[in-house]
Amino acid sequence: MLGFLLTVIRRDLLLAARRRGDWLTAQFFFVMVVSLFPLGIGPEPELLKRIAPGVVWVAATLASLLSLPRLFADDHRDGSLEQMLLSPEPAVLLALGKAVAHWLIYGIPLLIVAPVLGIQFALPAEAIGVLVLSLALGTPILSLLGAVGAALTLGLRGGGVLLTLLILPLYVPALIFGAGAVDAMLAGTGAEANLSLLGAFFVLSLIVAPWISAAALRVSME
Amino acid sequence: MDSPPVLSAHDLACARGDRSLFVGMHFALAAGELLMVQGGNGQGKTSLLRLLTGLSSPAAGEVQWRGRAIGQTRETFHRDMAYLGHANGIKEDLTPVENLRFQAGLSGHAFDEPLAESTLRKLGLARCLDLPARVLSFGQRRRVALAGLLTAGALLWILDEPLTGLDVHGVALVESILRDHLNRGGLVVMTTHQALTLDGVAVRTLQVGRQEDA
Amino acid sequence: MSINWYKYSAPATFYGLAGRLVPWFGGAAASLTVIGLYLSFFVAPTDFQQGEAYRVIFIHVPAAWMSMFIYLVMAAWAAVGLAFNTRLSFMMARALAPTGAMFTFVALWTGAFWGKPMWGAWWVWDARLTSELILLFLYVGIMALWAAIDDPRRGDKAGALLALIGAINVPIIYFSVKWWNTLHQGSSIKPSGTSMDEVMLAGMVVMAIAAWFYTIAVVFVRVRRIILERERHTEWVKHVLEGA
């Protein structure tokens with residue numbers, strides 16, 4: 001079981017390593033969206049500091065949505081998704097492995113870039129720490145819930161836009177708790193409450209989402 | 001013919017959208033037998049094969065593996081079954097050997113690298129072992145997929161047009177592969193538009209689709 | 001064969017039953033609406049703080065109740081459909097969604113009408129209004145997914161799975177929005193005083209029941225249409241259509 005899970009993850013990591021172009025696109029998208037805000041709003045540090053948590057978090061959800069449509073679509077097109085579903089191992093592990101791989105490939109780089117963006121937005125050091133922590137807890141949620149949307153819209157016309165429509169409302173709690181943690185830190189009330197709620201939402205997504213993605217994959221492959 | 005059936009279909013019905021493709025289909029297949037599924041385009045050959053793999057579920061009836069519904073014995077059934085569909089299931093960015101390695105890992109059995117390499121060589125891919133599948137021709141990719149079938153060690157093969165894209169040598173190769181598999185007691189369910197010479201093996205045929213439409 | 005018969009006859013039976021029930025529910029909805037509106041606009045007293053403008057809550061509150069309730073009922077039908085693979089349950093889920101979205105929209109619209117005299121703005125990021133907005137997004141997502149999938153079987157199940165994960169998420173979204181609202185000290189709708197007039201409550205409850213009967217009537221009409229479309233190749237539908 002664990003072997004299967006690790007094989008799914010290793011396979012996606014290797015494929016991503018062979019196609020670095022796609023990977024870089026998503027990272028630059030994140031940086032660019034965030035960098036556009038000061039240009040649109042103005043450079044006052046106080047204002048930027050106020051909007052930084054929300055801007056970074058919204059950009060993170062958009063960046064994850066950019067890469068999600070291809071989570072299963074490539075494997076669907078070349079037939080390897082069929083083969084993986086015909087494995088004796090349960091499909092829920094496949095769904096979990098794909099979501100974990102998506103987070104490793106597209107989520108972790110966001111954590112690494114986020115401090116730089118925090119500096120751009122004049123965030124103090126401890127707020128940057130909370131921002132990274134909130135993204136560390138929150139981006140896996142984006143991958144887990146996003147996998148459900150990717151599985152549901154597999155092979156549909158306009159699947160990418162549809163995926164956005166389906167999944168963005170589900171991202172709301174992650175966005176609120178994630179950006180709220182940094183806000184609370186800036187307001188001096190401490191980020192613990194928000195971070196624990198975010199953690200609880202993460203655990204719930206980890207338990208529920210892979211089952212629904214697996215069921216959705218079976219439905220979409222019929 | 002007297003051996004007990006290993007794979008059987010009972011009163012199988014299949015619908016695509018609101019169109020009924022077939023109803024009340026029965027067949028039984030014993031070890032060492034090949035089932036050739038026949039029918040025109042759009043009559044439900046591929047749909048039938050996908051029902052047999054368990055990828056889709058029938059509108060009515062059931063498919064049994066060793067006397068048990070495949071839904072109930074899914075794990076065992078998928079361990080015993082290998083499927084080759086229209087798509088090859090080959091990742092373009094991986095080499096043939098890497099493809100076979102992941103295929104083995106995903107279907108839960110140990111990867112035997114020397115066996116994989118010798119199988120690929122046997123299928124005429126000796127010079128392609130270290131090239132990404134993206135540079136291979138269509139027929140060569142089909143051969144990689146066939147190598148995956150051979151190394152999977154499954155008892156039941158479900159093959160949807162396995163000859164597509166293969167040249168004359170490729171077709172002869174598939175014929176000998178099928179003969180070996182059947183003589184070892186394997187089972188095959190397949191479709192093809194091309195003629196196959198399979199002497200000395202038990203071949204059954206199954207007509208899919210309503211006759212009046214044909 | 002017996003299983004087949006059961007499967008094909010269930011929607012056929014329901015088609016007839018629903019057809020007979022529609023006028024009753026429709027009639028009940030219409031008369032209750034008249035009673036409810038009379039209570040709300042002529043019997044209920046003028047609010048001493050908000051004046052006459054508050055009367056929009058007789059539509060706003062029942063609509064908001066219905067919007068959430070219908071989502072849960074829809075998710076329940078979806079769950080039944082996934083668990084027992086009953087086609088009628090999926091059809092019920094599909095039939096409920098547009099009405100749920102309509103009530104969500106009405107709740108938002110009337111909320112804006114109420115907000116203008118109350119806060120001097122058409123839209124405020126009040127916790128309940130924001131939750132309604134996200135609920136509307138959830139309804140739109142499900143209906144868009146249904147519209148995008150041509151194969152009815154795949155569409156039924158995919159929509160049901162989305163409804164299910166949405167239903168798990170709805171309480172969390174509601175809680176998170178409330179949390180967000182208190183964190184940012186936004187404005188919040190407070191019903192005028194804890195001692196709501198009994199007539200006001202009665203008016204709201206009557207309107208809510210009217211909305212519920214209306215929903216049942218509309219959903220039955222819609223389910224009948226879906227049944228006819230899905231079963232158009234069967235004998236009984238041909239019979240029905242020729243008879244009509």
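Just so it is clear: chains get the letters A, B, ... in the order the sequence lines come, proteins before strands, and each one is counted from 1.
- Interface residue Glu82(A): backbone and side-chain heavy atoms are both found under 4.5 Å from chain B.
- Interface remark: Arg79(B) contributes backbone and side-chain atoms alike to the contact with chain A (heavy atom separation under 4.5 Å).
- For the 3.5 Å distance criterion, the side chains of Thr95(B) and Asp130(B) fail to qualify, holding no donor opposite an acceptor.
- Defined by atom type and a distance below 3.5 Å, a donor-acceptor pair is present between the side-chain atoms of His102(A) and Ser67(A).
- When each of Leu120(B), Val174(B), Leu173(B) is tested with Arg143(B) by the rule side chain to side chain contact (heavy atoms under 4.5 Å, CB included), just one qualifies, namely Leu173(B).
- Heavy-atom distances place the side chain of Arg19(A), and not its backbone, under 4.5 Å from chain B.
- There is no contact between Leu94(A) and chain B, counting heavy-atom distances below 4.5 Å.
- Interface with chain B: from residues 205-222 of chain A, residues Arg218(A), Met221(A), Glu222(A) qualify, criterion being any non-hydrogen pair under 4.5 Å.
- Atom CG of Leu106(B) is separated from atom OG1 of Thr7(A) by 6.0 Å, given to the nearest 0.5 angstrom.
- The local environment of NE2 in His26(B) is crowded, with over 12 non-hydrogen atoms from other residues, nucleotides or ligands closer than 6.0 Å.
- Salt bridge status for Lys98(A) with Asp75(A): present, with a side-chain N to carboxylate O gap under 4.0 Å.
- No side-chain N or O of Glu161(B) forms a donor-acceptor pair with one of His86(B) less than 3.5 Å apart.
- Side chains of Thr73(B) and Thr76(B): a donor-acceptor N/O pair is present below 3.5 angstrom, by distance only.
- Ranked by heavy-atom pairs shorter than 4.5 Å toward chain A, the options Ser57(B), Ser47(B), Gly85(B), Gly54(B) are led by Ser57(B).
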